[in-house]
Amino acid sequence: MKLLGVTPAPFNKELPAPQRNESEPVIGEHHCNNPRCITTIEQELPQAFRLVDKESNTYRCIYCEAQL
């Protein structure tokens with residue numbers, strides 16, 4: 001419908017871009033404990049985590065989103 005230009009309201013409105021936490025990842029200081037994380041299979045991938053909550057000092061794996 002979008003390609004034909006006949007998208008009905010409210011689906012024809014543009015959505016705002018999602019806000020992302022783009023803090024620098026912490027690499028090599030922690031190890032992901034998720035057994036299904038890609039870093040357990042692909043050993044050459046660096047262990048990298050992002051700070052998601054400064055107040056509680058919460059980090060998540062950048063690959064599987066597992067919390068430390």
With a 4.5 Å cut-off on side-chain heavy atoms, are Pro46 and Tyr63 touching?
yes
Provide the closest heavy-atom pair for Ser56 versus Asp53 in the form atom of the first, atom of the second, distance.
OG-OD2, 2.8 Å
Between Pro25 and Ile62 the two heavy atoms that sit nearest each other are CB-CG2, 4.4 Å
Which heavy atom of Val52 sits nearest to which heavy atom of Arg60, and what is that distance?
CG2-CG, 3.9 Å
CG of Leu45 to CD1 of Ile27: how many Å apart, nearest 0.5 Å?
11.0 Å
Give every residue pair that meets the ring-ring contact (aromatic ring centres under 6.0 Å, His included) criterion with at least one member in residues 34-54, sequence neighbours excluded.
His30-Phe49
Locate the shortest heavy-atom distance separating Thr40 from Pro35; write the atom from each residue and the value.
OG1-O, 3.2 Å
Is the count of non-hydrogen atoms from other residues, nucleotides or ligands lying under 6.0 Å from Glu44 atom CD greater than 12?
yes
Scanning both residues in full, the closest heavy-atom pair of Thr58 with Leu51 reads O-CD1, 3.4 Å
Partner set under side chain to side chain contact (heavy atoms under 4.5 Å, CB included) for Pro16, not counting sequence neighbours
none
